[in-house]
Every structure is written in C-alpha cells, then in structure tokens.
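To start, the structure under review is shown below, and the notes come after it.
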There are 2 protein chains.
Amino acid sequence: MKTPEKMLELHNLKKTGHRLMILTILKESDRFLSADDLYMKMKEEDENISLSTVYRILETFVLKSIVSAVNVEFSKKVLYELAHEAHGHRLICTNCHKVVYVEDCPVHNFEDAISEEYDFDIKRHKLDFYGLCSECKAELSS
Amino acid sequence: MKTPEKMLELHNLKKTGHRLMILTILKESDRFLSADDLYMKMKEEDENISLSTVYRILETFVLKSIVSAVNVEFSKKVLYELAHEAHGHRLICTNCHKVVYVEDCPVHNFEDAISEEYDFDIKRHKLDFYGLCSECKAELSS
DNA sequence: ATGCAAATGCAAATGGTTCGCATTTGTGTT
DNA sequence: AACACAAATGCGAACCATTTGCATTTGCAT
Ligand SMILES: [Mn+2]
Ligand SMILES: [Mn+2]
Ligand SMILES: [Zn+2]
Ligand SMILES: [Zn+2]
C-alpha cells in the first residue's frame, strides 16, 4: 500500500500535516472512522485543528477516490476508510465494528444471470457480511 | 402480501388514518421513500398531518419490523420501504431509483467458506446491485 | 358513553455536516 | 532566500434531517 505522502503527490494535493495525519490514522485503523473520530484523535497530537477542516479534507479525498465514505447501520454518521483498489467485500463485526476484507467475490457470475432475467444493466454491487469476529465470538461465548 | 389493516392488527397497533396511509403509500411504491416524501404525498389528501408524526410512525413500524429503513448513496436522508419477509436482494436503478427484488441468493454457500477461512461468525449479509433498469437503459441509449 | 393510554400537532431543540469569510500556509517562480 | 498567489485552514454561523417536550386529541377496551 502507498504511503500517505505518495497518495497526496499522486493526486497533486498539497502536503499538509493534517492531510497526512488523516491518511495515517485511516491507514492504521482496522475499522471505519467518523469525521469526529478523526478530529478527536488529531486533537491528541495537534491542539489546533478544526472539525470543518477534517470534513473538507475528507471531502477532497472522497472526490479523488483516496478515501471511501461508508454508511453503516450501527451509526448515523458517515464513516470513512481508505479506499480499496481491488474489488472485494467486507466482514463487519457487529460487536466491535472491526472490518476484515475478503478478496473473493461470489457474485459476478450471478450478475449476468439476473441482468438477463430482469433486463437490468447491472454496473456494480455492494456486498457486506455482518457477524462476530473471532475475538468477539470468543469473548461473548464465555 | 398482507393488507395495511392486517399489518396493524398483527402488531397490536391502533388503526389510525395516518398509519394506514403510510402503509398504503409504501405498498404501492416501486422505490424507497423518505419521511418527507411520505409527508408530502399525505398532505395531498389530508391537510392536517405533521412531519414528526410521520417520523414517529416510521419509527414504530421499523421497531415492529413492518418497515425497513434503508441507507442509499444517492440520498443522505434515511429512506423507507415495506419490510420483506423472505431473504432476497435488490436491483436498484441508479437513474430513476426504481427497486426490483430478486429472490435468489448466490451467497449462502460462500458464507460458510469465509466463515471458516476468516474465523468470523457470519450472521447475515447485505447485497444490492446497482445499474440501469430496462426503461432507463432504453431511454439513455437513445 | 366514559376513561385512559397512545397518537398527534406544533414549535423548539439536536446533531451531523456545510458554508462564508478573514487569515495562514504550501509551493512554484523570481 | 524572498515573493506571489492559489489553496488550505480556523472559527462561527447556517443548514437540514431527525428528535423531543408538551398540550391536545383520538382509538379502543370497558
Ligand atoms: Mn463482488
Ligand atoms: Mn443473500
Ligand atoms: Zn468484533
Ligand atoms: Zn431506472
């Protein structure tokens, strides 16, 4: 995976401390983060940061496809993750909200069949799995 | 599919004009509707209706699983649809937002495989397809 | 018909997100 | 290294979907 610096260079974005910090935090996170999650983590290191800046940086990143905005049922805020290059799907833990990526896709063949059956020109699909990660599974069964 | 009256009876909910109207509108709609969409449609027939009542009715219905709340990328409002009894998936037109249901599910076998591979206890999945419905496909190609 | 919990209307409050504007900063150019 | 200027930022106010408090009305069991 590219470094935060490279990501900014690649998209002709100015390298600011805040942008780099947001990319770094997202990169190291194993779950989705809200603008406010990021804002609070950033405050721990840099007193001088504004929530609207976080929103504006995220907006820019989403526009450039560096970051994806995600809507999950367990939060009414928009959450963010580093965008994934390859097509894949997610395992989302309903308990701790950790996210694991799966590269395989069981759907593509099926797509052609329903495209035909419903006369629908399918462009893409969204598939996520919900359940308990191994840690939460162990913890909750004890 | 049950009648609006039956749905309310089944869940011990008082039969009010507004509740019946919301169920009827949702039943007849071929796409998701926001609280405000419903509010405006209801105003056409009944001057005296409040948006907060619409929200409260929807909240009750979602709690009883009569209605599902849906988050779609093309709207930042929460949208609603009549809940579906059987497990299935949706074809969502990115142009006109019409929704078509597919009963088949290509994912269930796959679930066992990844459950094992990732030591994740998968409880359910969410799969939607996005593309163009037959009408929009025809319209946009002309 | 009566009583009371549940449902409603209305206005105000909330909370996440966006915007306006004055100030600062990154970076290409001298 | 200083300069110039567009882009980025901080701060507060605005925005908009949704929720809530409260007084009033309504559905329905008795
Ligand atoms: Mn796929
Ligand atoms: Mn399925
Ligand atoms: Zn977990
Ligand atoms: Zn369409």
Side-chain angles (χ1 to χ4, degrees), chain A residues 4-25 32-64 66-80, chain B residues 4-25 32-64 66-80:
Chain A
E5 264 94 359
K6 281 279 175 242
M7 298 185 208
L8 294 179
E9 279 169 25
L10 212 65
H11 292 276
N12 294 323
L13 293 172
K14 288 185 185 172
K15 282 178 220 167
T16 70
H18 293 145
R19 286 179 170 173
L20 290 169
M21 205 180 307
I22 286 182
L23 289 176
T24 304
I25 294 172
F32 308 133
L33 298 175
S34 68
D36 196 63
D37 291 338
L38 287 161
Y39 174 64
M40 288 187 301
K41 278 182 201 286
M42 291 170 81
K43 276 253 177 156
E44 291 170 11
E45 325 224 338
D46 176 356
E47 185 56 36
N48 208 26
I49 166 71
S50 144
L51 181 55
S52 47
T53 300
V54 175
Y55 275 108
R56 278 190 279 231
I57 290 177
L58 289 169
E59 182 185 24
T60 301
F61 286 173
V62 168
L63 213 64
K64 298 275 191 178
I66 300 172
V67 161
S68 312
V70 183
N71 280 50
V72 284
E73 48 200 45
F74 56 78
S75 166
K76 54 180 46 172
K77 305 179 193 172
V78 176
L79 304 185
Y80 300 87
Chain B
E5 263 95 358
K6 282 279 174 243
M7 298 185 207
L8 294 180
E9 280 170 23
L10 212 65
H11 292 277
N12 294 323
L13 293 172
K14 288 185 185 172
K15 281 177 223 168
T16 69
H18 293 148
R19 285 177 171 174
L20 291 169
M21 205 180 307
I22 285 182
L23 289 176
T24 304
I25 295 173
F32 309 133
L33 298 175
S34 67
D36 196 63
D37 292 338
L38 287 162
Y39 175 63
M40 288 187 302
K41 280 181 199 284
M42 292 170 82
K43 275 251 177 159
E44 291 170 10
E45 324 226 337
D46 176 356
E47 186 58 34
N48 208 26
I49 165 72
S50 143
L51 182 55
S52 48
T53 300
V54 175
Y55 275 109
R56 277 189 279 231
I57 290 177
L58 288 170
E59 182 184 28
T60 302
F61 286 172
V62 168
L63 213 64
K64 298 276 191 177
I66 300 172
V67 162
S68 312
V70 183
N71 280 50
V72 284
E73 48 201 45
F74 57 79
S75 167
K76 52 181 47 172
K77 305 181 193 173
V78 175
L79 304 185
Y80 300 87

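Reckoned from all heavy atoms, side chains included, excluding hydrogens, waters and symmetry mates. Residue numbers begin at 1 in each chain, while the letters A, B, ... track the order of the sequences.
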Mind checking A/K14 for me? I need base, sugar-phosphate or nothing, with any heavy atom below 4.0 Å counting as a touch.
base
Would you find a donor on one side and an acceptor on the other, under 3.5 Å apart, between the side chain of A/T24 and the backbone of A/L20?
yes
To the nearest angstrom, the CG-C1' distance between A/L79 and C/dG16 comes to 12 Å
To the nearest Å, give me how far apart CG (A/L58) and P (C/dG16) are.
15 Å
With respect to the phosphate group of D/dC11, does any side-chain polar atom (N or O) of A/S50 fall under 4.0 Å of OP1 or OP2?
no
In the strands shown, is D/dA29 matched to any nucleotide by a Watson-Crick or G-U wobble pair with both distances under 3.5 Å, and which?
C/dT2
Closer than 4.0 Å, any side-chain N/O of A/R19 to the OP1 or OP2 of D/dA8?
yes
Is the shortest side-chain N to carboxylate O distance from A/E59 to A/R56 below 4.0 Å?
no
Nearest-angstrom distance from the residue atom CG of B/L20 to C1' of D/dT26:
14 Å
Minimum-distance nucleotide (side-chain atoms of B/N48 versus C/dC10, D/dT9, C/dA7):
C/dC10
What is the base-pairing partner of D/dC16, counting Watson-Crick and G-U wobble geometry with both distances under 3.5 Å?
C/dG15
Between A/K41 and A/E44, does at least one N-O distance fall below 4.0 Å, as a salt bridge requires?
no
May I ask you to say what B/S52 touches in the nucleic acid, namely base, sugar-phosphate or nothing, with a heavy-atom cut-off under 4.0 Å?
base
A/D36 or B/L51, whichever maps to the more 5' nucleotide of DNA chain C
B/L51
I want to check one thing: is the phosphate of D/dT19, taken as OP1 and OP2, less than 4.0 Å away from some side-chain N or O of A/K76?
yes
Taking B/H11's backbone N and O only, do any of them form a donor-acceptor pair with B/K64's side chain (distance below 3.5 Å, no angle check)?
yes
Nearest whole Å is fine: how far is D/dT20 P from B/E59 CD?
7 Å
Within the structure, does a side-chain N or O atom of A/Y55 lie under 4.0 Å from either OP1 or OP2 of C/dT17?
yes
Nearest-angstrom distance from the residue atom NE2 of B/H18 to C1' of C/dC10:
14 Å
Spacing between A/N12 atom CG and C/dG26 atom P, to the nearest angstrom:
17 Å
In whole Å, I'd like the distance from the CG atom of B/L63 to the P atom of D/dT18.
17 Å
Atom-pair distance (CD1 on A/I57; C1' on C/dT25), nearest Å:
13 Å
5′-ward residue of the pair A/Y80/B/R56 relative to DNA chain C
B/R56
For A/K43, does the NZ atom sit with more than 12 other heavy atoms under 6.0 Å from it, leaving out its own atoms?
yes
Should B/T16 be listed as having a side-chain N or O under 4.0 Å from OP1 or OP2 of C/dT8?
yes
